[in-house]
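Step one of this worksheet: look at the structure below.
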Amino acid sequence: MLDSKQLRTDTEAVARNLARRGFVLDLEGFRALEERRKQAQIEADRLRAERNANAKAVGMAKGKGEDASELLKRGESLTHALAIAEADLERVQIEADQWLMGLPNLLHDSVPEGRDESANVELRRQGEPRQFDFEPADHVDVGARLGGLDFEAAARISGARFMVLRGSLARLHRALAQFMLDLHTSEHGYQEIYAPYLVSAAALTGTGQLPKFEQDLFKVDGERPFYLIPTAEVPVTNLVREQILTAEQLPLRFVAHTPCFRSEAGAAGKDTRGLIRQHQFDKVELVHVVKPADSYAALEQLTAHAEEVLKRLELPYRVLALCAGDIGFGSAKTYDLEVWLPGQGKYREISSCSNCEAFQARRMQARWRNPETGKPEPVHTLNGSGIAVGRAMVAILENYQNADGSVTVPAALRPYMGGQERLVP
RNA sequence: GGAGAGAUGGCCGAGUGGUCGAAGGCGCGCCCCUGCUAAGGGCGUAAGGGCCAAAAGCCCUUCGAGGGUUCGAAUCCCUCUCUCUCCGCCA
């Protein structure tokens with residue numbers, strides 16, 4: 001959510017910023033709506049103040065034993081008028097809120113211009129793609145040869161876009177998650193979190209998935225609806241919702257390993273082969289809650305923490321600054337990490353690190369008390385994958401495959417694999 | 001699942017229809033007194049929103065949430081949520 005004050009006082013600049021995303025802000029519509037809201041609120045407040053004063057007068061008159069029948073009559077008509085004014089205000093308010101909730105975040109000045117992913121800017125590369133003396137297979141074939149990757153069983157159980165892991169691959173998957181958690185908790189200073197996988201609409205509204213992106217979510221109907229989390233960002237960031245934190249509590253750094261559930265509506269036919277795009281996948285997520293002044297330093301830090309995972313696994317990757325048109329709804333600036341996949345011969349996204357500034361904090365009412373002003377102000381929130389577990393496994397299978405069908409276990413993972421150095425068919 | 005109790009400001013806790021955003025206490029802040037890590041005194045101390053360019057000021061909302069009764073609701077009625085205790089069941 002944008003700062004409504006800024007939206008009102010600096011409308012042109014906001015419109016110019018949003019235009020970088022290709023988002024057209026309806027200035028006329030906004031001004032008309034805002035004017036209606038203002039009038040409705042002034043009128044309702046006025047009537048309510050009058051009614052309150054009148055009611056108080058009734059009490060005083062009765063206390064003195066005076067006749068209050070005139071005041072009572074006036075009160076009745078005021079209450080009636082107020083009901084109408086309040087209903088009017090509520091309608092406008094809902095309309096204004098929905099409109100505000102549908103606006104994406106403002107972009108940081110450093111975000112490169114561009115309409116789509118082709119304009120993303122590569123910032124750096126780490127590691128050299130390995131030269132194979134045989135034709136590298138993709139992870140589906142590597143996994144099949146190991147006998148641990150079973151899409152057919154998954155299809156029988158659940159359908160398309162699910163996977164079953166068996167034996168050493170299931171263990172590799174677990175080892176990856178453990179390794180990442182240990183790295184972030186013991187070396188990067190994160191607190192490990194276990195949080196709900198089913199969340200309320202309010203939590204999803206806080207982080208920005210609702211109301212606009214309901215079609216991307218799995219909804220669990222019941223007396224009260226729940227949604228399956230599309231990322232741990234949702235429950236973990238919402239840890240600070242409706243809180244006023246002290247300056248001493250910041251920064252907060254959380255890490256959580258959770259499954260993520262995505263409907264992938266609109267991705268029909270995309271990445272249908274393999275486990276790149278699944279309805280259910282595991283991810284280790286990093287979340288920072290920081291003072292506004294620190295958030296861009298925190299973004300660099302968080303990205304470095306995600307990169308460290310790939311460095312330790314000795315996987316080649318590159319870092320992109322997403323361009324204006326490719327940045328997510330709630331983010332002001334995003335870096336993507338892309339890992340090299342020999343099976344596809346290209347870099348594929350494995351982590352996305354975003355600074356949401358105050359966008360989510362305003363929706364969640366997550367604040368800190370700024371000692372300089374003494375006032376509660378929105379915190380800044382950041383999140384990033386540190387990193388996607390399923391895709392990390394893909395990268396390992398493809399980058400560490402051998403001609404005989406075996407897969408070398410990266411050194412960093414061996415302690416989590418009982419010392420095993422190779423996965424063999 | 002059954003029975004009961006509860007939800008008030010940073011915390012504790014009073015308040016069963018009127019001048020209550022809410023006594024009192026604790027905590028915190030500023031000041032006074034006191035020559036010294038004590039005691040005492042005074043003042044202040046919620047959040048969200050609106051009017052205003054902004055500040056000051058004024059106004060509105062909020063006593064778990066929503067609805068109702070009423071001129072007027074923390075207080076009465078209904079529904080829901082959450083917490084606690086006991087029983088049952090269960091990983």
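For the numbers below, each heavy atom of this structure counts, side chains included, while hydrogens, waters and symmetry mates do not. We name chains A, B, ... by the order of the sequence lines, and we start the count at 1 in each one.
Distance check on atom P: rG9(B) versus rC63(B) gives 10 Å, rounded to whole Å. Distance noted for atom C1' between rG49(B) and rA14(B): 29 Å (whole Å). Here the separation of rG6(B) from rG10(B), taken at their P atoms, is 23 Å to the nearest Å. Comparing rC84(B) with rU8(B), their P atoms sit 14 Å apart, to the nearest whole Å. With both ends at atom C1', the span from rU69(B) to rC82(B) equals 26 Å, rounded to whole Å. The gap from the P atom of rA22(B) to that of rC58(B) amounts to 14 Å, rounded to the nearest Å. rA55(B) and rU62(B) have their C1' atoms separated by 26 Å, with the value rounded to a whole Å. Rounded to whole Å, the separation between the P atoms of rG15(B) and rU70(B) comes to 28 Å.
Lys38(A) comes within 4.0 angstrom of the backbone, heavy atoms only, and of no base. Backbone-only engagement by Arg8(A) is indicated by non-hydrogen atom pairs under 4.0 Å involving sugar-phosphate atoms exclusively.
No donor-acceptor pair under 3.5 Å is formed between the side chain of His305(A) and the backbone N or O of His184(A). Checking side-chain atoms of Arg262(A) against main-chain N and O of Pro230(A) turns up a donor-acceptor pair under 3.5 Å.
Under the Watson-Crick or G-U wobble criterion, with both distances below 3.5 Å, rA53(B) has no partner in any strand shown. The partner of rU16(B) cannot be assigned: no Watson-Crick or G-U wobble pair with both contacts below 3.5 Å exists in any strand. Both distances falling under 3.5 Å, in either a Watson-Crick or a G-U wobble arrangement, place rA46(B) opposite rU62(B). Base pairing of rA22(B) is not made with any nucleotide, judged by Watson-Crick or G-U wobble geometry with both donor-acceptor distances under 3.5 Å. Across all strands shown, rC33(B) remains unpaired; no Watson-Crick or G-U wobble contact has both distances below 3.5 Å. For rC90(B), there is no paired nucleotide, since no Watson-Crick or G-U wobble pair has both relevant distances below 3.5 Å. Summarising the base pairing, rG6(B) is matched to rC82(B) through a Watson-Crick or G-U wobble pair whose two defining distances lie under 3.5 Å. Nucleotide rA73(B) is matched to nothing when pairs are restricted to Watson-Crick or G-U wobble geometry with both distances under 3.5 angstrom.
Relative ring orientation between Phe162(A) and His279(A) is described as tilted, the plane-to-plane angle lying within the 30° to 60° band. Using bins of under 30°, 30° to 60° and over 60° for the plane-to-plane angle, the ring pair His188(A)/Tyr190(A) lands in the perpendicular bin.
Of the candidate nucleotides rC51(B), rC60(B), rC71(B), rC71(B) has the atom nearest to the side chain of Thr79(A). Distance from the side chain of Arg367(A) is smallest to rA47(B) among rC71(B), rC52(B), rA47(B).
Following rounding to the nearest Å, Glu70(A) (CD) and rG72(B) (P) show an atom-to-atom distance of 17 Å. Between Asp10(A) atom CG and rA53(B) atom P there is a gap of 15 Å when expressed in whole angstrom units. We find that CH2 of Trp368(A) is positioned 18 Å from C1' of rA47(B), with the value rounded to whole Å. Distance CG (Asn370(A)) to P (rA47(B)): 13 Å, rounded to an integer number of Å. Put simply, CZ on Phe226(A) is 11 Å from C1' on rU81(B), counting in whole angstrom units. What separates CD of Gln39(A) from C1' of rG50(B) is a distance of 12 Å, to the nearest Å. If you take CD1 of Ile244(A) and P of rG10(B), they are 7 Å apart, rounded to a whole angstrom. Asp45(A) places its CG atom 13 Å from the C1' atom of rG48(B), with the value rounded to the nearest Å.
Using a 3.5 Å distance cut-off with no hydrogens or angles, the side chains of Gln301(A) and Arg253(A) do pair a donor with an acceptor. With 3.5 Å as the limit, one finds a donor-acceptor pair spanning the side chains of Ser352(A) and Asp336(A).
For Phe261(A) and Tyr197(A), the ring centers sit 6.0 Å or farther from each other.
Here Glu43(A) does not pair with Arg36(A) in a salt bridge; the nearest charged N to carboxylate O distance is not below 4.0 Å.
You'll find the side chain of Arg273(A) reaches within 4.5 Å of the side chain of Asp138(A), heavy atoms only.
Checking the phosphate oxygens (OP1, OP2) of rA53(B), no side-chain nitrogen or oxygen of Thr9(A) falls inside 4.0 Å. Note on Arg369(A): a side-chain N or O is less than 4.0 Å away from OP1 or OP2 of rA47(B).
When the nearest nucleotides of RNA chain B are assigned to Glu34(A) and Pro376(A) by heavy-atom distance, the more 5′-ward of the two goes with Pro376(A). Annotation: of the two residues near RNA chain B, Glu76(A) and Glu90(A), the 5′-most nearest-nucleotide partner is Glu90(A).
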Return the polar atom pairs (N/O with N/O) between nucleotides 61-64 of chain B and the protein under 3.5 Å, or none.
unit_1	atom_1	unit_2	atom_2	d
rU61(B)	OP1	Asn52(A)	ND2	3.3

Might you list the N or O atoms of the protein lying below 3.5 Å from N or O atoms in nucleotides 14-18 of chain B, with each pair's distance?
unit_1	atom_1	unit_2	atom_2	d
rG18(B)	O6	Lys62(A)	NZ	3.3
rG18(B)	N2	Ala55(A)	O	2.6

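For residues 144-162 of chain A, every residue pair satisfying the side-chain hydrogen bond (donor to acceptor under 3.5 Å, both in side chains) rule, not counting sequence neighbours, is listed here: Asp150(A)-Arg166(A).
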Practice item. Apply side-chain contact (heavy atoms from CB on, under 4.5 Å) to the pair Ile94(A) and Gln98(A), showing each step before the final yes or no. Key: CA-CA 6 Å; Ile94(A) 287 172; Gln98(A) 280 178 348; 4.1 Å; yes
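Each of His380(A), Glu233(A), Arg241(A) was checked for a side chain to side chain donor-acceptor pair (under 3.5 Å) with Gln360(A), and the lone residue meeting it is Glu233(A).
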